Every structure is written in structure tokens, then in C-alpha cells.
S.K.: 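Encoded as C-alpha cells, here's the structure I'll be asking about.
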2 protein chains.
Amino acid sequence: MSKRITSQDVADLAGVSRTTVSFVLNNDQRFSIRPETAEKVRSAARQLGYYPNASARALASNQTKNIGLIISRGPQYVASDTFLPQIISGLLDALKQNSQGLLLEWVEPGQQLQTYLELTRAHHIDGLILMTPRLDDPGLKALEEADIPVVLMGTIPGSSLHSVDVDNLAAAETAVSHLIGLGHRRIACITNAATPYTSANQRLDGYKLALQKAGIAFDPQLVREADFDTQSGYKQMCSLLESDQDFSAVFVASDNVAVGAYSAIREAGLSIPEDISVVGFDDIPLASFICPTLTSVAVSGQEIAVESYNLLNRLMRGDLPESRSVILPTRLIPRQSSREIGRRAKKGSEKKSAQFVSCVNN
Amino acid sequence: MSKRITSQDVADLAGVSRTTVSFVLNNDQRFSIRPETAEKVRSAARQLGYYPNASARALASNQTKNIGLIISRGPQYVASDTFLPQIISGLLDALKQNSQGLLLEWVEPGQQLQTYLELTRAHHIDGLILMTPRLDDPGLKALEEADIPVVLMGTIPGSSLHSVDVDNLAAAETAVSHLIGLGHRRIACITNAATPYTSANQRLDGYKLALQKAGIAFDPQLVREADFDTQSGYKQMCSLLESDQDFSAVFVASDNVAVGAYSAIREAGLSIPEDISVVGFDDIPLASFICPTLTSVAVSGQEIAVESYNLLNRLMRGDLPESRSVILPTRLIPRQSSREIGRRAKKGSEKKSAQFVSCVNN
DNA sequence: TAATAAAACTAACGCGCGTTAATAGTTAGC
DNA sequence: GCTAACTATTAACGCGCGTTAGTTTTATTA
């Protein structure tokens with residue numbers, strides 16, 4: 001292992017002091033350095049392959065140049081989260097432009113407080129983004145009092161933390177209204193997750209609101225609660241099908257979960273959308289490729305990520321935005337999985353056309 | 001912002017020196033501390049809510065307690081990577097047990113060297129895992145000479161770096177042999193990515209090897225190159241279908257890509273597996289839920305992650321493993337998408353049974 | 001009791017860098 | 001030619017902690 005190269009080495013080679021090296025390499029405008037001196041320094045640094053030590057820099061400047069992303073979910077749910085890559089991709093892209101790093105962490109229910117304190121107080125990071133927070137998260141107050149900025153990806157009513165989220169309620173209402181507009185009246189609902197996750201709550205509320213506006217009574221028997229992954233969607237759809245409830249459409253508050261529902265519906269010998277219309281949520285890349293293509297609410301994970309980062313960045317710079325929360329728009333993308341009630345295809349011909357129509361037009 | 005709490009504060013409150021505090025909190029066995037003193041220190045730390053500053057600790061101990069994961073791909077490909085969450089999940093799980101952190105980064109072709117140097121020389125991290133490295137990565141030699149341990153997730157022939165990978169060649173051979181065993185002779189191939197990615201190369205080689213062993217001539221006209229995502233799978237499958245080549249099966253070296261191929265096949269008015277059998281690779285969670293369920297090669301991203309981490313950890317502890325590379329096993333999971341050639345279902349009955357059979361048995 | 005060993009604790013330095021306050025050098029004004 | 005006003009540079013301190021070498025206290029032995 002070769003000797004570590006420090007700024008002193010650069011200073012020596014350039015024939016200046018360490019301070020000058022620091023000024024030059026950090027482009028510190030408050031001090032004027034003669035151009036030829038600056039060039040000498042830069043050349044020396046290049047020649048030696050000098051890279052300032054991150055820890056030392058962080059210690060001296062009190063800035064780690066890292067931000068943290070906490071996923072509040074167990075690893076088994078992280079593994080099948082098709083939405084996560086979009087978030088990460090958006091964040092990494094934004095971070096790279098500011099040459100900051102991303103420190104990733106997950107936290108299981110029950111250990112939030114410890115994790116948050118450790119992460120914020122030990123100053124591993126300059127700012128924190130908390131993904132899919134739970135209503136019952138006991139560590140949230142700690143974050144409100146943390147000495148670094150925090151942005152929630154999601155909504156916690158009553159929290160003083162800044163947040164970025166899509167308008168889950170409106171989006172869900174639109175989705176369900178779409179089904180109602182197609183003539184459906186008995187519409188089941190499978191949530192994306194358990195109710196401590198606010199997105200699940202809000203989407204369920206949107207479902208109820210749409211029913212109410214259309215004068216349809218809410219029937220709790222038509223509601224099931226999934227758990228992020230496809231398997232849970234399969235199970236809950238089976239549960240709906242096995243109940244003697246009658247319904248012609250289902251609103252599934254997550255595409256991931258909806259794929260499981262597809263599977264259960266087919267297994268029961270039913271067809272989408274002839275027997276049951278399905279509307280999903282998230283518009284994952286696969287939504288336009290599965291068969292039948294899935295009507296869904298488009299949510300851009302990358303956009304959420306970028307907005308969260310921008311908000312966090314403003315907070316880190318100390319400029320407080322006027323509003324505590326950013327709400328991003330969504331739009332419904334109708335595809336093959338939803339159609340008018342009762343329009344059963346004639347066996348053979350129409351079914352074929354439905355199945356073979358282009359699967360990639362969104 | 002409240003005054004930051006340092007180990008000196010803890011020492012003062014406990015009535016001991018800072019050194020003692022450090023010994024106690026780090027459980028340093030080389031020095032004996034009277035139990036009551038230790039308790040006094042711990043109690044003081046608890047009372048003050050003391051968390052050692054990460055940067056200071058890193059600077060003094062020369063250990064950041066972070067490892068880096070570099071994804072060598074552009075952000076647009078990261079976003080749709082359904083495999084990434086498994087990797088991350090596996091890593092985070094393993095890391096948490098050692099209370100280490102994960103620093104995530106992506107790197108675009110052309111900027112590898114800079115990124116690697118910055119990350120390793122600036123000592124942001126104690127060790128590095130490089131995901132899906134490219135054969136033509138100009139920064140690899142720099143990693144070989146880096147002053148921190150490096151593990152490749154993937155294979156680079158001739159590199160002196162340690163690596164973890166699945167046996168892509170054998171797996172692909174098994175998959176294609178499975179098709180050959182079903183009577184297929186004209187078998188197309190869509191790679192998972194461009195050839196600078198070794199996994200794509202190796203899987204293609206496995207395809208060729210299986211053909212060769214069965215005495216089937218390799219026909220380059222039957223090969224297409226996809227690009228990680230579903231869209232590219234759709235395009236390449238279209239290209240195959242539009243060519244006047246004749247084939248009864250296709251080996252798609254990535255489930256993600258295979259979903260796109262599904263879509264193209266349906267759009268062409270053909271059926272899986274009646275007209276074309278499909279075998280995928282990766283066994284993503286959705287493979288057993290799409291219709292028809294996808295025959296695939298099971299690869300556990302979490303296992304790859306954990307093995308990579310274990311290997312890296314050994315390197316960080318300085319104990320060199322006997323072998324440079326860890327090769328993980330795979331297994332073929334036959335599902336509905338592959339069947340004997342020519343067994344066209346009778347319209348109606350058998351088709352129905354194929355479509356409606358349970359979609360969740362793997 | 002004195003001599004010695006072991007246990008318990010601490011003073012002080014260094015990790016590498018940012019930054020302030022002070023110093024040397026240079027130009028402009030009269 | 002001398003002060004004033006910059007400009008260019010540096011010495012030196014501090015960030016908070018790990019750790020070595022050394023000091024004090026307690027236990028053990030002769």
C-alpha cells in the first residue's frame with residue numbers, strides 16, 4: 001500500500017503552503033490566487049493523483065456531502081419493489097450533478113428511532129429522505145428535531161416535516177371514477193399495503209370518495225389489504241373471488257400487486273377485462289407489456305426522487321420553501337384491462353382481437 | 001441547533017477522561033476498565049444522547065464503515081432494473097448486521113476511471129462492489145491497484161479482482177438444452193445486454209454450446225442483442241419475427257427482456273408456447289405470475305449480494321480466500337412458456353387448460 | 001513494610017483538511 | 001519617498017476521535 005498523498009505533498013511539490021492548495025482546489029473566491037500559482041498547484045495535484053480525504057474534509061467542514069435514503073420496510077419487501085429502482089435512479093442522477101453521495105439504509109418497524117438518531121446525530125449525512133414512512137413510526141418526532149434537513153417521500157398528516165408525494169387521493173378517485181364511467185357499480189379494492197402506510201390509506205379514501213360521488217354505497221366486504229408484493233396480490237384476489245361477493249371490476253392500488261391479481265383471476269377461469277376490469281397504480285414499466293395491458297395511474301418515481309432531492313437541497317442551503325409539501329400530478333392511462341361492463345366478447349373472434357392488439361401503445 | 005455533544009462531554013459527566021470513554025464505548029478488550037466505571041460512562045452517554053461523530057471516527061481510525069456499490073450503467077437502465085432491488089436488499093441485510101453503511105453510485109461508460117479513483121482514493125469507503133462490470137471498462141486496472149478491497153459482481157476474464165457470479169454459461173446451456181430436449185431445433189436467442197457485458201457474452205456462449213452438443217449449427221441470423229429493458233426485448237423480438245427466419249423457440253437471456261418478447265409475440269398473433277416456446281433468465285418475482293408463466297433460470301440476487309459481501313468482508317479483514325472467484329449455482333424452473341414442439345393445443349379446450357392452470361406453482 | 005506486579009486510568013499526539021488572523025509583497029496616490 | 005490600499009500567501013488552530021506511552025492507584029508477594 002503506497003503512502004497516502006495529502007495536501008501537504010501537493011503544497012510541497014508546488015512550492016506553496018497547504019492553505020494555498022486548499023484555496024485553489026476548492027475554488028475559494030474570497031481569496032485571490034495568482035493564476036500561475038493556481039496552475040502550479042493544480043498541476044502538482046494532477047501529477048501526484050491527489051484526492052482530498054473525505055473524512056478529513058467532512059470533519060473540518062462539517063459537511064459529509066452525502067445524503068441518506070431510508071426505506072422504511074423490511075428487506076423482503078425491498079427485494080420485490082419494482083418502484084425502488086426508479087427512485088434510486090432519479091436520486092443518483094440528481095446527486096451526481098452536485099457530486100454528492102447516496103447512503104442507503106432500510107429500517108424495520110420497531111427500530112426507527114435508533115436508526116434515525118444514529119444517522120442524524122452521528123453526522124453520517126447532510127440530509128435525509130425517508131421513503132414510504134409509516135403513520136405509526138415512533139421516530140418521526142426525532143426527525144422533526146434533527147439537526148439536519150429531512151424530506152418525507154410520502155405524507156404524514158400533522159407532521160411538521162417537509163414532504164413530496166403524489167396526490168394519492170385524487171389519483172385513486174380518478175381511477176375508480178374511470179371504472180364507474182365504464183358502467184361498473186360493484187367495484188372491489190385491493191390496497192397496496194397495510195394502513196399504517198399513508199399511501200394505502202389515501203388511495204383507499206380516494207376509492208371511497210369516488211363511490212360516494214357516484215352514489216354507490218361503500219361495502220367493506222369488497223376491500224382487501226395487500227402487502228406490497230405480487231404474492232399478496234394473488235392471495236387477496238383469491239380471497240375476493242372465493243367470497244360470494246359479486247363485482248365486475250377491481251381497483252388495485254399497486255401494479256405489482258395487480259399482477260398477482262391477474263394471476264388469481266385467470267386461475268379462477270375468468271377473463272380480464274371481459275369478466276373483471278382491473279385498474280392498477282404506479283404504471284410500472286411492465287404495465288404496458290403484460291397481457292392484457294394494464295390500465296394504471298402513472299406515477300413517475302424519478303420525478304418524485306428529483307423533487308425530493310431538490311426540496312432537500314433547498315433546505316440544506318437554508319432557504320425555506322413557502323410550502324411544506326410538494327404534490328405531484330398523476331394521470332390515468334387507460335389500457336386493455338378496463339372496459340365497459342357487460343361487453344362480453346363473443347367467444348373466439350373478439351377475444352382474439354383483444355388479446356392480440358398491440359401491447360405497447362400506452 | 002443545539003450544541004453538539006462530544007466524547008469530552010461524556011467524559012466530564014462521568015468524571016473520567018476522554019480516553020476511558022473511548023475504551024468503554026468501543027469495548028476495547030485490550031484495556032481493562034472497572035465495571036462500575038464502565039457503567040458510569042455508559043450511563044452518561046445514554047443520558048446525553050451521545051453519538052460518536054462518524055467523520056472524526058473515520059479520520060482517526062481510517063475506517064469509514066461504509067462500503068460502496070457501483071452500478072456500471074446509465075440511470076435510464078437502472079430505473080427499470082427489476083433485479084437491482086434484490087441485490088440491494090441482500091446487501092443491506094448483511095451490512096446491517098455489521099452496522100456498516102451502503103454508499104450507492106452509478107457510473108456511465110467513459111467516466112469509470114474518474115469515479116473509481118475518487119471513490120477509492122478519497123476514502124469514502126472501506127470496500128467496493130462493482131455490479132455488472134463491462135469488459136471494456138477502462139477503470140478496472142485502477143481498481144486492481146486500489147488501496148481498498150474490490151469484489152466484482154460478474155466476471156471479467158483475466159482480471160486479478162475477486163468476483164462473485166453465477167455460472168452463466170452452464171445455466172444458459174441448461175436452458176437451451178431444455179428446449180432442445182423438448183424437440184426444438186430452430187432456437188432463436190435474444191441476449192440480455194450488449195456484448196461488453198460479460199454476462200451477455202457468457203449466456204450467448206452457453207446457447208452456442210448447447211446447440212453444438214446437440215449437433216445443431218449455430219445461425220447468427222437467429223441472434224439479437226437486447227439492452228436490459230423490456231422495451232428492447234419487444235423490439236428485438238419484433239425484429240426476429242419480421243425476419244423470414246423460422247424458429248419454434250427462443251432463449252431470452254433476461255426475464256425483463258422476455259416480457260417484452262412476450263408482448264411482441266402476442267402482437268404478431270402467435271401463442272406461447274403453442275407457436276413459440278420461451279425460456280427466460282433471472283427468475284424475477286413476476287416470472288411465475290405472468291401469463292403464461294415463464295420458464296426461467298433461477299438466480300438469487302440476494303444470494304449473489306450476500307456472497308459478494310462476505311467475500312468483500314474477508315478481504316477487508318485481510319484474510320485472502322483460496323480462490324479468486326465464487327461461482328453460484330442456478331437451476332432451471334420449467335413453467336408454462338416452454339413445451340414440446342408441435343404439440344399445438346386443440347383450439348378451445350387445451351388452450352384454456354394451459355391458460356388457466358395455476359400460475360403460482362414454481 | 002517495602003518491593004513488585006498488575007490494574008485502572010490519563011495526557012497528549014496525530015489523522016487530513018478548512019479557515020481565520022496575521023504577514024509579506026505590490027501597486028497607487030500625493 | 002512615504003503612506004494607504006490592495007493582493008498574495010502562510011502559520012496556526014480546531015474539527016472529534018483513536019491510540020500509544022506514560023502515570024497513578026490498587027493488589028500481591030517476600
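This one's a predicted model, so the numbers in the text were calculated from it and none came from an experiment. Residue numbers start from 1 in every chain, and the chains themselves are labelled A, B, ... in the order their sequence lines are given, proteins ahead of strands. Any value given below was found using the heavy atoms of this structure, including those in side chains, with hydrogens, waters and symmetry copies removed.
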S.K.: Going by heavy atoms closer than 4.0 Å, what residues in residues 46-58 of chain B are next to DNA chain D?
M.R.: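 Residues of residues 46-58 of chain B that come under 4.0 Å of DNA chain D are, in numerical order, Tyr50(B), Pro52(B), Asn53(B), Ala56(B), Arg57(B).
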S.K.: For DNA chain C, which residues of residues 114-124 of chain B approach it to below 4.0 angstrom with any heavy atom?
M.R.: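 None, since no heavy atom is under 4.0 Å.
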S.K.: With a non-hydrogen cut-off below 4.0 angstrom, is Asn26(B) in contact with a base, only sugar-phosphate, or nothing?
M.R.: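 The answer is sugar-phosphate, as Asn26(B) gets under 4.0 Å only of primed atoms, P, OP1 or OP2.
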S.K.: Toward the 5' end of DNA chain D, which comes first, Leu59(B) or Arg34(B), by nearest nucleotide?
M.R.: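 Looking at DNA chain D, the more 5' nearest nucleotide goes with Leu59(B).
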S.K.: Please identify each residue that fulfils salt bridge (charged side-chain N to carboxylate O under 4.0 Å, His left out) with Arg57(A), with sequence neighbours left out.
M.R.: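 So Arg57(A) forms no salt bridge (charged side-chain N to carboxylate O under 4.0 Å, His left out) with any residue.
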S.K.: Please identify each residue that fulfils salt bridge (charged side-chain N to carboxylate O under 4.0 Å, His left out) with Asp12(B), with sequence neighbours left out.
M.R.: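 Salt bridge (charged side-chain N to carboxylate O under 4.0 Å, His left out) check on Asp12(B) returns nothing, list empty.
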S.K.: Would you give me the side-chain donor-acceptor pairs under 3.5 Å for residues 87-99 of chain A, sequence neighbours excluded?
M.R.:
residue: Ser89(A); atom: OG; partner: Pro75(B); partner atom: O; Å: 3.0
residue: Lys96(A); atom: NZ; partner: Trp106(B); partner atom: O; Å: 2.7
residue: Asn98(A); atom: ND2; partner: Tyr309(A); partner atom: OH; Å: 3.1

S.K.: Any chance you could lay out the side-chain contact (heavy atoms from CB on, under 4.5 Å) test for Asp126(A) and Thr64(A), step after step, and finish with the verdict?
M.R.: CA-CA 6 Å; Asp126(A) 299 334; Thr64(A) 64; 3.1 Å; yes
S.K.: Partners of Arg317(A) by salt bridge (charged side-chain N to carboxylate O under 4.0 Å, His left out), sequence neighbours excluded?
M.R.: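 Testing Arg317(A) for salt bridge (charged side-chain N to carboxylate O under 4.0 Å, His left out), a comparison that skips the adjacent residues, returns none.
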S.K.: Output all residues satisfying side-chain contact (heavy atoms from CB on, under 4.5 Å) with Ala14(B), sequence neighbours left out; order by chain, then residue number.
M.R.: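 With sequence neighbours excluded, Ala14(B) shows a side-chain contact (heavy atoms from CB on, under 4.5 Å) to Val16(B), Val41(B), Ala44(B), given in chain and number order.
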S.K.: For Gln114(B), does the CD atom sit with more than 12 other heavy atoms under 6.0 Å from it, leaving out its own atoms?
M.R.: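 Open: at most 12 neighbouring heavy atoms sit under 6.0 Å from CD of Gln114(B).
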S.K.: Residues two or more places apart in sequence or in another chain: which of them pass salt bridge (charged side-chain N to carboxylate O under 4.0 Å, His left out) with Arg134(B)?
M.R.: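 Here the qualifying residues are Asp136(B).
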S.K.: Find out whether Met316(A) and Gln100(A) are in side-chain contact, i.e. whether some heavy atom of one side chain is under 4.5 Å from a heavy atom of the other.
M.R.: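 Heavy-atom side-chain distance check passes, below 4.5 Å.
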S.K.: Quick check: do Leu143(A) and Gln112(A) have side-chain heavy atoms less than 4.5 Å from each other?
M.R.: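 They are not in side-chain contact.
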S.K.: Extract, from 5' to 3' on DNA chain D, the first and final nucleotides lying under 4.0 angstrom from some heavy atom of chain A.
M.R.: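 Contacts span dT7(D) to dG16(D), reading 5' to 3'.
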S.K.: Find the distance Asp28(B):CG to dA7(C):C1' and express it as a whole number of Å.
M.R.: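 Taking CG of Asp28(B) and C1' of dA7(C), I get 15 Å after rounding.
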S.K.: In dot-bracket, 5' to 3', how would DNA chain D read with Watson-Crick or G-U wobble pairs under 3.5 Å, [ ] for crossing ones and | for pairs to another strand?
M.R.: .||||||||||||||||||||||||||.||
S.K.: Evaluate the side-chain proximity of Ile71(B) to Leu84(B): yes if any heavy-atom separation is below 4.5 Å, no if none is.
M.R.: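 Yes, their side chains come closer than 4.5 Å.
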S.K.: Apply ring pair (Phe, Tyr, Trp, His ring centres under 6.0 Å) to Tyr50(A) and list each qualifying residue two or more places apart in sequence or on a separate chain.
M.R.: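 Expected list: none.
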S.K.: Nearest whole Å is fine: how far is dA8(C) C1' from Ile33(B) CD1?
M.R.: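 Distance check: Ile33(B) CD1 to dA8(C) C1' gives 7 Å.
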S.K.: Kindly state which residues belonging to residues 7-25 of chain A come within less than 4.0 angstrom of DNA chain C, counting heavy atoms of the residue only, listed by number.
M.R.: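 Contacts with DNA chain C under 4.0 Å: Ser7(A), Arg18(A), Thr19(A), Ser22(A), Phe23(A).
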S.K.: Can you list the steps and then say if Glu144(A) with Ser159(A) is a side chain to side chain donor-acceptor pair (under 3.5 Å)?
M.R.: CA-CA 8 Å; Glu144(A) 296 183 4; Ser159(A) 167; 3.2 Å; yes
S.K.: With side chains defined as the heavy atoms from C-beta onward, is the minimum distance between Pro321(A) and Leu315(A) less than 4.5 Å?
M.R.: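 In short, these two side chains touch, coming nearer than 4.5 Å.
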S.K.: I need the minimum non-hydrogen distance between Ala193(B) and Tyr197(B), along with the two atoms involved.
M.R.: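 Smallest interatomic distance, heavy atoms only, reads CB-CD1, 4.0 Å.
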S.K.: Of Ser61(B) and Ser32(B), whose nearest nucleotide on DNA chain C comes first from the 5' end?
M.R.: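 Result: Ser32(B).
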